[in-house]
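Inspection log for the structure reproduced underneath, given as structure tokens.
All chains are named by letter (A, B, ...) in the order of the sequence lines, taking the proteins before the strands, and each is independently numbered beginning at 1.
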There are 2 protein chains.
Amino acid sequence: MTTIRDVAKKAGVSVATVSRFLNGSGYVSADAAKAVTSAVDELKYELNPVARSLNTKQSNLIGLILPDITNPFFPELARAVEDVALTYGYTVVLCNSDENPEKEKNYLNTLKKKYIAGFIVTSNQLDAPHYANMALPIVALDRAINDKIPTVSSNNREGAAMGTNALLERGCKNILFLRGPNELNPANERYQGFMDAIEASGAKYHVVTCPFHFSESQKITDEFLKAHKEIDGIFASSDVSAAGALKAAVTLGIKVPEQLQIVGFDGIAMGEMLSPGLSTVAQDVYKMGAIATRVLIKRIENQPVDQHFYEVPVQLKLRGTTKGVAE
Amino acid sequence: MTTIRDVAKKAGVSVATVSRFLNGSGYVSADAAKAVTSAVDELKYELNPVARSLNTKQSNLIGLILPDITNPFFPELARAVEDVALTYGYTVVLCNSDENPEKEKNYLNTLKKKYIAGFIVTSNQLDAPHYANMALPIVALDRAINDKIPTVSSNNREGAAMGTNALLERGCKNILFLRGPNELNPANERYQGFMDAIEASGAKYHVVTCPFHFSESQKITDEFLKAHKEIDGIFASSDVSAAGALKAAVTLGIKVPEQLQIVGFDGIAMGEMLSPGLSTVAQDVYKMGAIATRVLIKRIENQPVDQHFYEVPVQLKLRGTTKGVAE
DNA sequence: TGTCGGTGTGTAACCGGTTACACAAAATAT
DNA sequence: ATATTTTGTGTAACCGGTTACACACCGACA
């Protein structure tokens, strides 16, 4: 392995000069620069990032902490983070936290020792002390707004209102809202959005809390639909729940969208694979991940960050579970 | 930050002794051990992994190279890798390669400089020179068997035969096989398995090549079904393709499973969300990832690896797209 | 009693970079 | 012409560990 000393010798300068040239720090004459440049590529020198990390106490690692990559919402996010990180020369460490504070803390500590540059975090624990005391740049994604930590999220409330209105405009008179878990910020915002729209309309509605889990959602919807035949629209706080609702309806022989219209929230790829295709309020997950990563890198590199809170607009995608679109 | 020298001073021994004790290498007396132990926890000393890496030329990083985490097959794999890695004290770096050799090579080099401990790779490029010349432990997943590199994969051929027989046993007389891309090893094995079963049966069949992509599969199936009304069974080489086929059938008004039965391959979570639920040859993706990671870590830690090739059994999951099961 | 092998420990070099500091030459100011 | 900056460079310490090597001590064995 060629070291900086080899390069220095070959170029006839000191290691300090080589280092300064390589980092663009301090003064380096044109002659020295040329000598170093040619020594570097003659020797095919590549800087050792570990040695560098040891004294700069910095690395180009970014930690991505999320509940579970298996949840269909996250792969696209991870992909965006990785893509953007790559273009800036950063490497992504994947951390599945299961929303477990101990696991999160553990990752935080382990990676801090590796001089990780920063974290992108999707968690409900963001107000926990281990985040507050972190001296590292962090950007929060999707959940939990903390005045210390820049956050990127969707326009959940407005999106939920859009989704609800889509049902109302298509004639729904009695809507079931599958509300997400209370602990989740986005779920609460979506609930707000639903309430905004439904109360403005005066339509009848029911709210049922329901985890973002397929079979649970299916079961809950199944029971509810059996007891409430009058329901003609369902707005679910997540696509996975909507898929459960759709399956329940189809299984009960209810015609979608003729008798019952359904709108989900998220815009995950699975939506279009269902029959009929799932109408949904689609988040631009990739964009969220990309923005979060860019903001994080700016923070890491001490560049000014213009905003503290980024809201990415959602988009209504109407497919077969609502009236007026084939498929 | 407390360093090993602080510990040495506190314990009244030399840094060498502390290091030896911490690593369990060389001789350390009981007295010294005790002194170091208490110094360590009085000072809350934590070893600096970067400094260690610099001279051992080893880290506890594992690289996970896969085509695209967005592909529903991979999140569970990534999850398994991460889970197992964590229990052994390793950290996972996520690399989306898009099957692009340049990107792969780039990751390999970048991470090698970081003294990464090893790689788990899903790629078709495994015979490319940049893998052959790697001096690092590698384990291949799902694809490409190379006599140098231990491989973990599913029992694709047998699985495909199982899937095909499931259709035959349920009365299919005219089966469409959606074959996966030629470049993919598993796709070829599945093709073999299909051929094994179909030729033994004497039933009529068609083979159409089709990417593992939803809308493409839907389109191809749609066209094929329009031209071949006699088809009464489809076996797809992936669940995503099967989902496309199902959607095509439903859209054409063909009743599944009454007129047309469908079986997919993979066992991704989406399968049960479809209506009817997708019958499939399920791979134990989590297990594959877990095995691969354990094998890799054994290699990293120079423990003997008993096998060179691991085949994880698949399991037939019958749901609503085949006859005889409700849902 | 002398020698040998196992046990236990410390010193200092080393991993491969960065950078504080000292110093010199050139450019500019007074 | 001298003082002051600015430019340019090298030496050596440092980041925080690991480990080769030298050395000392001990019991055992001939």
Worksheet item: When you check the side-chain N and O atoms of B:S19 and B:N23, is any donor under 3.5 Å from an acceptor?
Response: yes

Worksheet item: Just by distance, with hydrogens left out, do A:E301 and A:Y88 show a side-chain donor and acceptor under 3.5 Å apart?
Response: no

Practice prompt. Look at B:K10 together with B:D6 and state whether they make a salt bridge at an N to O cut-off of under 4.0 Å.
Written response: no

Worksheet item: Are any of the side-chain nitrogens in A:R143 or A:E189 under 4.0 Å away from the carboxylate oxygens of its partner?
Response: no

Item to complete: May I have the distance from A:Q58 (atom CD) to C:dT18 (atom C1'), rounded to whole angstrom?
Response: 14 Å

Worksheet item: Can you check whether A:Y27 has a side-chain N or O nearer than 4.0 Å to OP1 or OP2 of D:dT7?
Response: yes

Item to complete: Grab the CD1-C1' distance between B:I4 and C:dT9 for me, whole Å please.
Response: 14 Å

Worksheet item: How sharply is the helix from C:dT1-D:dA30 to C:dT30-D:dA1 bent, taking the axes over five pairs at either end and rounding to 10 degrees?
Response: 50°

Practice prompt. Say whether B:S123 and B:E104, considering side chains only, have a donor N or O and an acceptor N or O under 3.5 Å apart.
Written response: yes

Discussion item. Nearest 0.5 angstrom please: B:I297 CD1 to B:N60 CG, how far?
Written reply: 10.0 Å

Worksheet entry | Interatomic distance where NZ belongs to B:K113 and P belongs to C:dG17 [whole Å] | 10 Å

Item to complete: To the nearest Å, give me how far apart CG (B:N23) and C1' (D:dT19) are.
Response: 10 Å

Discussion item. Does B:F21 reach a base, just sugar-phosphate, or nothing at all? Heavy atoms under 4.0 Å.
Written reply: nothing

Worksheet item: Taking only N and O in the side chain of B:S25, is any of them less than 4.0 Å away from OP1 or OP2 of D:dT18?
Response: no

Item to complete: Compute whether any side-chain donor of one residue and acceptor of the other, for B:D266 and B:Q283, lie under 3.5 angstrom apart.
Response: yes

Worksheet item: Which residues in residues 36-44 of chain B have at least one heavy atom lying under 4.0 Å from any atom of DNA chain D?
Response: none

Worksheet item: What's the CG-P distance between B:D6 and D:dG16, to the nearest Å?
Response: 9 Å

Discussion item. Can a side-chain donor-acceptor contact be found between A:K114 and B:N48 if the only test is distance below 3.5 angstrom?
Written reply: no

Worksheet item: If you measure from the Lys or Arg side-chain nitrogens to the Asp or Glu carboxylate oxygens, is any gap between B:E102 and B:K105 under 4.0 Å?
Response: yes

Find every protein N or O atom lying less than 3.5 Å from an N or O atom of nucleotides 11-15 of chain C, and list the pairs.
{"unit_1": "C:dC15", "atom_1": "O3'", "unit_2": "B:K57", "atom_2": "NZ", "d": "3.2"}
{"unit_1": "C:dC15", "atom_1": "O2", "unit_2": "B:N55", "atom_2": "ND2", "d": "2.5"}

Worksheet item: For B:K34 and C:dG8, what is the distance between atoms NZ and P respectively, to the nearest whole Å?
Response: 14 Å

